[in-house]
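Remarks on the structure that follows.
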Amino acid sequence: MDYKEKYEELKEKNRQLEKELETLRSKIEERDDISRQVLIFEKFADMLPEMVYEVDLSGKILFANKRSLEFLGYSKEDLAKGIHTSEIFPENYKQMIEKLRELTAQGQVSSNEYTAKKKDGSTVPILTYTFATYHNDKITGYRGVVTDISRQKKYEDQIKREKAFLEHLIDSIPEAICLIDLGGKITMINREFTNLFGYTAEEALGKDIDDLVVPEDLKSDAIHISSSTSPSNTEIRQTIRKDKYGNKFDVSVIATSITLNNEIIANLGIYRNISVEKKHQLLQEILYNISSVALNQFDIENIYPAIVNELSKIWDTNNFFIALYDKTNDMLSLPFFADEKDKFYEIPAKNTITAWVINHNKSVLLKEQDLKVLEDNGEIDLVGTPCKVWMGVPLKADEEIIGAICLQDYHNENKFTQEDVYLLEFIANQIAIAIQRRTMLDNLILARQKAEEAAQSKQQFMSTMSHEIRTPLNEVIGITNLLLQGNPREDQMDYIKTLRFSGNHLLALVNDVLDYNKMESGKIVFEETLFNLSDFLNNIMRSYSYRSRDKNLGFEIIKDGDLPLNVIGDPIRLNQILSNLLSNALKFTREGNISVTIRELERSINQSKLEFVIKDTGIGIPKDRQRLIFDSFTQASADTTRYFGGTGLGLAICKKLVDLQGGEISVDSEPGKGSTFRFFLSFGIAEEKSSQDQPPEQSDDYSGLEGKRVLVAEDNKINFFVANKFLVGWGIIVTHAENGRIALEMLEREEFDLIIMDLHMPVMDGIEATIIIRKSDNPAIRDIPIVALTAAIMSESHDKIDDLNINDYVLKPFKPRDLFDKISKHIR
């Protein structure tokens, strides 16, 4: 080889070397570029919040970013030493490798759930998104992103549990539930839906709800659940539905929608069988109506058609009757009888099927053959046209059988069932009670009418007796008062005083009887009057100290502690209580003393409770009689009236007066040592007034009426004589009218300043005359003051006085001072 050839050869090798050098330089630059890209990728991956990884084809982990290492519990040193995917996914490694090998094209991503094992051995669910890395169109490894789905898994588990719970809950609900899509197709049913309608889930799912459960004749009126609901509307209705076998029954339907973001996504139908409720409701309605009719109808005969009308809501009552049994005559009366074939009103009970039911106290449902067997056995004799079926139950109230109620049919022996018997039994019990209640009510009304008539008669009798007894008493006491004013001789004075005492004693007895009658009728009214308690007690002291002295008895009133000066109450009734107790004490005490002690038990701002203790040294009361002495017409022993007199009403009146005012009364007594009566009453407290503010005591001055013209309407001549004597003595010009008609005539002719009007007069009484006076067109007559003078103290007389607008009244026998004060108060 010559030099030139060698040169060319060297030159060629040099070109090859330069080319290889260029290739090598290019590869170095490419590798540097890859390294730079890897470095950039790794730095960028460390900045991401997600977990990023890279593995080679053998499964060795080439890279894991900072978030991945922290999540799995590894360090960079661990990564440098080498971590294989089989360590991270020991349970899923093979599955994972298979999934990676399925990545055969660029842009292909594999998403999979695995369970990763951390360095500490704990496991966690993850989701991977993996893609292959390529170089020169060849797969060099795999990169991906890992997401921790432990929270998501927790939520999913919770949702699964809640779903299972909800499904169990829906299946446990006693209502039938179905879920319906927007097209009206069933997507879900619960167990009760199957129980109610008979359709299994396989039979119901995908079917139209209305086609399954709505009867043909009701489809036009049915609730279309898919079209009747809106996000804000729930429809509730009671209607009729059918089951798989065509049986119809009453249901309550609730149609509502399920919404998401205010948009309906499905509809819900809830069904409840209310057939039993409807039946009970109808039954309650029937029973209520029967009871109402029994209470409201005045004629018991009107009850029976109402009963039939109610029973026709359940059964055909064209062949129906009610039989009432008269045990005394062994007869059956038929207050209601409806029948296609026969007609009866009353029949002998013997051997009838109705009597058989009553005697055996047994409800029956008998078909034609059953009736024949009973007749063949001699237990019954059939009366009337034979029927196909007969149902009867006894009418029983308070264990007493009063009759029977029966239904029958001439055409269909299956017309009634045993359930109808049970239902008729229940209704029959209520009917029996209603009939008995109506009968009892009729008896009560009759008894009440008789009682009211008796009470009215008693009231009228007492009013008449009051007038008839008080009228002569008025004459006796009035004339006695006139005699006392006539300066009688000393020997006449004893007679006159004795006469006045006897008259007043008789008046007290009459007042006791009449007062007790008023309290028994509940028509007594208590006044609320301001009075001076000290003056009241001083009057009691003056009155009873004389009477005590006459029997050589000591008498004292003890004011224990600080008592209120002025109190508000009824001084007349308080005086009546104390007078009755003190009169008894005087009556039953032969020696020793009598005392009245008053003390204040408690005091509030405007009320004071006072206790009154009346103590004597009399004959005493046996312990076994102490509880009875407050009863009407009762005394301590049978001979008390014979030895001491009295009506036995005094203590009964005391107790009633105390009780009616909210107080209490009691007795403590020992025979031979005396008795102690205690009672307390509450009084209002008035402002304390000085003695200067107290009203002046009544004097014996009867001046101020001189020249006044008074018309006295009084039919009794002696009563007029007594009244006229006092009136004339006071300077009054008196005109007498013997009845109300004459009084009216005199009013038309003359002018008067006041009328004293007796309420009980012949021709025209004072009540009728007063009505005419108050309706007069003449003001001088219409407005004239009228003071009633009456011997009747019954409550209805007072009511009439109030209605008549009478100014006041004076009770016979009157006290001169009372009559004078009433005239002075009202006279023109």
Side-chain angles (χ1 to χ4, degrees), residues 524-549 551 553-586 588-589 592-618 626 630 650-651 653-670 673-699 817:
I524 191 167
V525 178
F526 294 94
E527 296 181 359
E528 291 289 326
T529 305
L530 174 66
F531 65 96
N532 185 289
L533 182 61
S534 181
D535 291 346
F536 174 84
L537 294 174
N538 290 338
N539 289 334
I540 295 290
M541 183 68 191
R542 279 194 295 270
S543 177
Y544 285 92
S545 59
Y546 295 122
R547 296 175 61 183
S548 301
R549 201 177 302 127
K551 292 189 67 173
L553 298 173
F555 181 75
E556 60 178 338
I557 293 180
I558 303 167
K559 301 175 184 178
D560 187 356
D562 183 24
L563 300 176
L565 179 63
N566 296 308
V567 295
I568 300 172
D570 193 331
I572 295 175
R573 297 303 177 186
L574 177 60
N575 180 68
Q576 189 174 1
I577 297 168
L578 288 172
S579 294
N580 270 319
L581 294 175
L582 288 172
S583 294
N584 279 351
L586 283 168
F588 297 117
T589 304
N593 56 76
I594 299 169
S595 66
V596 179
T597 303
I598 303 96
R599 65 173 62 90
E600 187 175 51
L601 297 179
E602 58 183 69
R603 182 184 297 196
S604 60
I605 297 175
N606 57 0
Q607 199 169 58
S608 173
K609 181 187 282 188
L610 300 180
E611 181 187 46
F612 298 83
V613 181
I614 296 86
K615 186 174 183 180
D616 65 52
T617 56
Q626 290 176 18
F630 293 110
L651 290 178
I653 291 172
C654 287
K655 179 168 175 57
K656 282 194 173 290
L657 288 174
V658 171
D659 289 346
L660 289 171
Q661 295 180 87
E664 291 181 12
I665 187 170
S666 61
V667 62
D668 183 17
S669 182
E670 187 176 346
K673 293 187 178 181
S675 303
T676 300
F677 286 85
R678 288 184 174 82
F679 71 91
F680 70 80
L681 292 173
S682 294
F683 297 88
I685 301 176
E687 294 182 5
E688 300 291 338
K689 297 184 179 180
S690 64
S691 59
Q692 296 176 349
D693 296 330
Q694 298 299 319
E697 291 188 6
Q698 293 179 342
S699 66
R817 169 53 62 182

- Query: Given side chains that start at C-beta, do those of Leu651 and Val667 come closer than 4.5 Å, heavy atoms only?
  - Reply: no
Are the side chains of Ile685 and Asn606 in contact, using a 4.5 Å heavy-atom criterion? no
Within the structure provided, determine whether Pro564 and Leu610 are in side-chain contact (heavy-atom separation under 4.5 Å). yes
I want to check something: taking the side chain as every heavy atom from C-beta on, are Phe555 and Leu582 in contact at a cut-off of under 4.5 Å? yes
inquiry  = Looking at Asn538 and Ser534, would you say the former's side chain and the latter's main chain have a donor-acceptor pair under 3.5 Å?
reply    = yes
Residue set satisfying salt bridge (charged side-chain N to carboxylate O under 4.0 Å, His left out) with Lys655, at least two apart, ordered chain then number -> Asp659
Applied to residues 594-615, the ring pair (Phe, Tyr, Trp, His ring centres under 6.0 Å) test, sequence neighbours excluded, yields Phe612-Phe679
Closest non-hydrogen contact found for Gln661 with Leu657 is NE2-O, 3.0 Å
Enumerate donor-acceptor pairs with a distance under 3.5 Å from any side-chain N or O in residues 592-601 to protein atoms, sequence neighbours excluded.
residue: Arg599; atom: NE; partner: Asp560; partner atom: OD2; Å: 3.2
residue: Arg599; atom: NH1; partner: Glu611; partner atom: OE1; Å: 2.7
residue: Glu600; atom: OE1; partner: Arg603; partner atom: NE; Å: 3.2
residue: Glu600; atom: OE1; partner: Arg603; partner atom: NH2; Å: 3.3
residue: Glu600; atom: OE2; partner: Arg603; partner atom: NE; Å: 2.7
residue: Glu600; atom: OE2; partner: Arg603; partner atom: NH2; Å: 3.1
residue: Glu600; atom: OE2; partner: Ser608; partner atom: OG; Å: 2.5

One should read off an interatomic distance between Ser545 OG and Leu553 CG, to the nearest 0.5 angstrom, of 12.0 Å
Sorted by chain and number, sequence neighbours left out, ring-ring contact (aromatic ring centres under 6.0 Å, His included) with Phe531 holds for Phe536
To the nearest 0.5 Å, atom CD1 of Ile653 lies from atom CZ of Arg573 at 9.0 Å
Value for CG (Leu574) from CD1 (Ile540), rounded to nearest 0.5 Å, stands at 7.0 Å
Report yes if the side chains of Leu537 and Met541 come closer than 4.5 Å at any heavy-atom pair, otherwise no.
no
Inset, instruction - Without swapping roles, check the side chain of Ser669 against the backbone of Gly674 for a donor-acceptor pair under 3.5 Å. - result: yes
Contacts of Lys673 meeting side-chain contact (heavy atoms from CB on, under 4.5 Å) (sequence neighbours excluded), chain-then-number -> Glu670
d(Lys615 NZ, Leu581 CG) to nearest 0.5 Å is 15.5 Å
Applying salt bridge (charged side-chain N to carboxylate O under 4.0 Å, His left out) to Asp668 and not counting sequence neighbours gives none
Heavy-atom nearest pair, Ser583 first then Tyr544, reads OG-OH, 3.7 Å
Are side-chain N/O atoms of Lys551 and Thr589 paired as donor and acceptor at under 3.5 Å?
no
Interatomic distance, CD1@Ile577 vs SG@Cys654, rounded to 0.5 Å, equals 6.0 Å
Heavy-atom closest pair (Thr529 atom, Pro571 atom, distance to 0.1 Å) is CB-CD, 4.0 Å
Heavy atoms of other groups near Glu664 CD, more than 12 under 6.0 Å: no
d(Phe683 CZ, Asn566 CG) to nearest 0.5 Å is 13.0 Å
